[in-house]
Number of protein chains: 2
Amino acid sequence: MKNLQIHITVSEDLYLKNPESSVLGKKIVSKSIELIDQLGFEAFTFKKLGIAIGSPESSVYRYFDSKRSLLVYLYAWYWSWMEYRLVFGTINHTSAKEKLKSAITLLCSPIETDQTFEHIDEVILNRIIVAESIKVSHNKTVDEQNQKGLFNPFKQVIERVSAFISQINPDYPYPNMLVFAMVDGAIEQSHFASHFPKTTDEINSKTIIADFYTDLIFKAIQ
Amino acid sequence: MKNLQIHITVSEDLYLKNPESSVLGKKIVSKSIELIDQLGFEAFTFKKLGIAIGSPESSVYRYFDSKRSLLVYLYAWYWSWMEYRLVFGTINHTSAKEKLKSAITLLCSPIETDQTFEHIDEVILNRIIVAESIKVSHNKTVDEQNQKGLFNPFKQVIERVSAFISQINPDYPYPNMLVFAMVDGAIEQSHFASHFPKTTDEINSKTIIADFYTDLIFKAIQ
DNA sequence: CATTATTGATAGTAATACTATTATATTTGC
DNA sequence: GCAAATATAATAGTATTACTATCAATAATG
């Protein structure tokens, strides 16, 4: 995948100045990923970020008008990246069943680093999404941000997988709910598994979440 | 259910002074439910709460050491109440299948007011759980609070339903994951349905979430 | 009715989430 | 290569938040 000129585009409404347009911007993004992961979103501040990158917090504010906007940006980037992975990961299959199977694996397995995007560590970003992304959607500003299209990449992921299901069984009545349950559930299961081992099931393999949803979804739609 | 002497007990570690032990304490709880619902958790402050109940914020701090603790208290109360509903709602069935069916309905249907607990409006509390409870579990203090037993009522709900599944089909390999997916998913589906109608499916009935999970779970476990 | 516990009233503090201003680099167009 | 525009640094300042502290007033209890 190296040297492939692919670019994840994030809606212009989600930043004041495009962080991909400068060295400082990229430093802001990559260092904030590190810091949010270490400190948690609540304890993360632009002041701490400024110190970490050797710039005043006022410089950070030229890219994002709040720390929440930065999280929203990361969220949008992550789901755009997931959509790109989904498209690339299913394009070569001819049958809808194979596509669905790949999609489930892709969305439910532990993330590996993608060398294509240098300033973003996808493994850490995934941890942030698992731990913090819920704060993007569970907020009084959610409707406003929905209108700005923030959730489009997320919705598109759901729609794409949903379409595979409808191809396999056009009569299944809940394709969207089922895929939503999986996409959202995989993240929550992975969060809860790491904090409350007993909520989930014994076998502690890396594929258990994907196995669970593969079994569940194929049983549901036949 | 009136005049029944039932009491939801919340672990002593979750408050400084038991809010059920005084008029002020109950006012704090019932008014905070209203305010968090109206303002959202981020904009909710003890100062605003103090003004709303006509007491200084320092008085509120004698019951809870932070607004987060208050949310944690509400979370613990809610899941204890759900467990009580679950026990009462399944006790009269003889077959595990009937128990499971009732449990799903109970956990996935819109909440109705329970007159048993006067100072708590369960309908509004449910809205708070849907919108904000995720902030209880997605926080750097989660492991500490887990050790204090905060999540026990939630886990017990999962275990009880999981036990019904194992009775029906002892060979189903993911009973806990399946129930977790439902309990957590029902909340998230209801949140997303109210903000992003298109993520979920067309039929906008009050029973759709329960219908979806009933179909899903019974297909999964046979 | 004296002691104790509870609440009210008020003040204060450190940190947070920004905004504003001016100086200094750095880039860009010509 | 130099002026003009732009980006960043350095610093200061503000309103709000999330508490803590103190002491007086009131209510409950023995």
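Quick note on labels: first sequence line is chain A, next is B, and so on, each numbered from 1.
Of all the residues in residues 25-59 of chain B, S55(B), P56(B), S58(B), S59(B) reach under 4.0 Å from DNA chain C with at least one non-hydrogen atom.
One atom, CG of L24(B), and another, P of dA9(C), lie 12 Å apart when rounded to the nearest Å. Per the geometry, CG belonging to L16(B) stands 11 Å off P belonging to dC19(D), to the nearest Å. Atom OH of Y61(B) is separated from atom P of dA18(D) by 7 Å (rounded to the nearest Å). Nucleotide dA5(D) holds its C1' atom 12 Å from the NZ atom of K17(A), rounded to whole Å. Between D65(B) atom CG and dC19(D) atom P there is a gap of 7 Å when expressed in whole angstrom units. Whole-Å rounding puts the R62(A) CZ to dA9(D) C1' distance at 8 Å.
Donor-acceptor pairing under 3.5 Å is recorded for the side chains of H138(B) and E188(A). For the residue pair Y63(A)/S22(A), the side-chain donor-acceptor check at 3.5 Å is satisfied. A donor and an acceptor atom, one from each side chain of R160(A) and T90(A), are nowhere located under 3.5 Å apart.
Residue F64(A) is out of contact with every strand shown, counting any heavy-atom pair closer than 4.0 Å.
At least one side-chain nitrogen or oxygen of Y63(A) sits closer than 4.0 Å to the OP1 or OP2 atom of dT8(D).
Ring geometry for F154(A) versus F192(B): interplanar angle of 30 to 60°, hence tilted.
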From CA spacing to verdict: side-chain contact (heavy atoms from CB on, under 4.5 Å), Y15(A), V29(A):
CA-CA 12 Å; Y15(A) 49 74; V29(A) 169; over 6 Å; no

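Toward the 5′ end of DNA chain C lies the nearest nucleotide of S22(B), the other residue of the pair K67(A) and S22(B) mapping further downstream.
The CD atom of E122(B) sits 8.0 Å away from the CD1 atom of I33(B) when rounded to the nearest 0.5 Å.
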